[in-house]
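Letters A, B, ... are given to chains in the order of the sequence lines, protein chains preceding strands, and every chain is numbered from 1.
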Amino acid sequence: MIGRVWKFGDGIDTDLLAPGAYMKGSVEELAKHCLESVEPKFAASVKPGDVVVAGRNFGIGSSREQAAQALKMLGVAAVVAESFGGIFYRNAFNLGLPALVCAQAGTIEAGQQIDIDPAAGRIVVRNDGRVLTCDAVPEHLMQIVALGGLVPYLEQRFRRAG
Amino acid sequence: MTGAAAIRPQTLAQKIVARAAGRDSVSPGEIVICRVDLAMIHDSGGPRRVKPILERLGVPVWDPERVVVVSDHYVPAVDADSAAILKLTRDWVKDQAIRKFYDQQGICHVVLPERGNLTPGLFVVGGDSHSPTGGAFGCFMFGVGATDMAGVLATGETWLKMPETILIRWGGRLSDGVSAKDMMLHACTRLGMDGGDYQVVQYDGDGVRALSMTERMTLSNMAAELGAMTGLIAPDTVTAEYIAAAGGEAADIDRWQADPDADYRAVHEFDAASLAPQVAAPHSPANAGDVTSVADGKAIDQCYIGACTGAKLEDLHMAARVLKGRQIAANTRLMIAPASTRITAAAAADGTLAILTEAGAILLPSGCGACAGYGAGVLAEGERCMASTARNFQGRMGARSATVFLGSPYTVAATAVAGQIADPRPFLAEGKA
């Protein structure tokens, strides 16, 4: 997948991704406020296929999976970060959003086009041709994301069992 | 020795996970499937999110006796939307024949052990990030999101990549006016919010052994702020006595201990005796220093004692020691939301509530409340708050430009009296005279 980069810093928490004030309502409404405290134009400007690139500890805080769901709903194709909050990392794959750990995420710049191969753990920065390596994703998480998330994965499992 | 068949010494976490995975042992880094002993969900991430998924899968919860539901986020209802969430929760619990349902009885992390649901060695999954709180009881308890939880409810199992354990050892004993909350703000600042690296944190040492169960719960609760998967404390007689009093299953203390030669990723040594009250400045619990270094003389608009982290009975006792015979400053307001209805009852019976309200505190319902910006007591633009909660992320407690400082219940109470960030120790010294 090839996507345009939105760049964020360290410690992007779940209150920034899914503000508590909008948690009561629909995820569609909540998504309009995703990251607005740090990048007011993000929700309105992000395009399907865009990629979020960030520093350390992306998605720390709450277990609310709306943090990942809002990004997915806005069309974000993947999140690349130096590290992730553990619960967010699981949530992202469960909702069909690949999350890739890349030590060199900080060298990717806003607006660049990057070509991501989650299965191979490889990112190519198309602007300068650099190849970045990502940590391997556990195989079952790749299967989950390939099917679109944990729910379709479980549907398949129950169908086979039934 | 039996050569190749010998099992390497295991940490407490490894022993619990191995048991849940039906194996003799498990090594760090291995991906294992575990049977879940208990699943806990609340009104926000629970029924309203998992019901559609279970319906799509066409299955009920795998075992209603292993599911605990707590309504604590949107309580009490303030509008038609929150009322609908609470009603959906009640209806679903009935539909699924779940008996362990605590409707507006307090915050899940406090209610769960209070009602005798935890005992050492259990593998517990919670639909909330502060689920590591259960680690204080020697349970491998961790938080997951709603879809993950729906998978648990449908199948009775979940996966994990076996973490290593990071040992945090507190030597010495806390001095008067310093609490578990101060220990955690200090640890977060020293190790960072990713210091736990989604591994297991385990607390030990004389400074931990000297703590009550409720104070230990604060340590485990804030393992979440270290980015750890869970925050274990090996059980001892303090654990066993709490569980017996709560009517829980008797604790097997001897079984649920690490082997003496178990491997740890790191051991961090801290000194409880020299620790001063800590205050975390906005917008991170890892942004703390001694209260005297953070105190800036500027007015604090609101003081809040609440949340799973900072409104247990002992937390209210701390606040009452500072507030007894005193009045909160005219420029501030003090709001207190006891963590459970049982805590409110106990605090009423022992005279604590009278001390708090006579000092000018406003009592709020038991629930997650203002901590996460869901309930009553949120902040206006530009307001400054001192809170006993676990997180002070930007915008979490209301308006985006509001700022939240974190401290112990002692420090929040002292700040309420002074109207600005204040060291609680002089108040306690005067109280003794």
Side-chain angles (χ1 to χ4, degrees), chain A residues 10-17 19-27 33 36-38 40 55-69 82-96 138-141 144 149-159 161-162, chain B residues 31 33 44-45 49 52-53 56-59 73-74 79 81-82 84-85 126-131 142-151 154-155 158-161 163 192-194 196-199 224-225 227-229 283-284 286 371-374 378 391 393-400:
Chain A
D10 293 338
I12 295 295
D13 62 61
T14 50
D15 286 278
L16 297 174
L17 289 159
Y22 307 101
M23 281 288 289
K24 198 160 52 184
S26 69
V27 184
H33 303 278
E36 67 182 2
S37 288
V38 283
R56 280 167 54 181
N57 232 2
F58 188 89
I60 48 163
S62 168
S63 65
R64 62 184 77 156
E65 66 181 4
Q66 289 92 328
Q69 198 175 9
E82 290 173 42
S83 65
F84 288 92
I87 302 177
F88 179 92
Y89 184 80
R90 290 177 70 119
N91 286 343
F93 285 94
N94 287 336
L95 294 165
E139 195 184 329
H140 75 285
L141 288 184
I144 286 171
L150 181 64
V151 177
Y153 179 83
L154 287 172
E155 271 185 319
Q156 191 181 74
R157 173 176 152 173
F158 280 113
R159 261 202 309 275
Chain B
I31 289 174
I33 306 285
S44 182
R49 303 273 304 174
I53 298 175
R56 184 169 154 189
L57 296 174
V59 294
H73 274 61
Y74 292 109
D79 55 20
D81 288 340
S82 49
I85 292 170
D128 191 276
S129 63
H130 282 114
S131 298
F142 63 103
V144 298
T147 299
D148 235 344
M149 180 55 79
T155 65
T158 194
W159 70 277
L160 61 82
K161 186 175 173 186
M193 285 199 76
D194 53 1
D197 194 27
Y198 206 51
Q199 306 300 303
E225 277 58 53
M229 190 174 190
H283 297 286
S284 167
C371 171
Y374 286 45
V378 295
R391 289 184 188 140
F393 298 155
Q394 187 179 7
R396 178 173 169 87
M397 209 177 195
R400 194 189 305 178

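- Neither the backbone nor the side chain of A:Arg159 comes within less than 4.5 Å of any heavy atom in chain B.
- To the nearest 0.5 Å, atom CG of residue B:Asp194 and atom CD of residue A:Glu82 are 10.0 Å apart.
- Between the side chain of A:Asn94 and the backbone N or O of B:Thr147 there is no donor-acceptor pair closer than 3.5 Å.
- In summary, A:Asp13 and B:Arg396 do not engage in a salt bridge, as defined by a charged side-chain N under 4.0 Å from a carboxylate O.
- The structure places CZ of B:Phe393 at 4.0 Å from CD1 of A:Ile60, a figure rounded to the nearest 0.5 Å.
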- Message: As a quick check of understanding, evaluate side chain to side chain contact (heavy atoms under 4.5 Å, CB included) for B:Arg49 and A:Glu65, giving each step before the final call.
- Response: CA-CA 10 Å; B:Arg49 303 273 304 174; A:Glu65 66 181 4; 2.8 Å; yes
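- Under a 3.5 Å cut-off, the side chain of B:Arg391 and the backbone N or O of A:Gly61 do form a donor-acceptor pair.
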- Check the pair B:His283 / A:Leu16 against side chain to side chain contact (heavy atoms under 4.5 Å, CB included), numbers first and verdict last. CA-CA 12 Å; B:His283 297 286; A:Leu16 297 174; over 6 Å; no
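- If you measure heavy-atom distances from B:Val378 to chain A, you find no contacts under 4.5 Å at all.
- Contact count versus chain A (heavy atoms, under 4.5 Å) is highest, among B:Ile85, B:Thr155, B:Asp81, for B:Thr155.
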- Task: Decide yes or no on side chain to side chain contact (heavy atoms under 4.5 Å, CB included) for A:Asp15 and B:Met397, but give the supporting numbers first.
- Result: CA-CA 10 Å; A:Asp15 286 278; B:Met397 209 177 195; over 6 Å; no
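- Heavy atoms of B:Arg56 lying under 4.5 Å from chain A belong to its backbone as well as its side chain.
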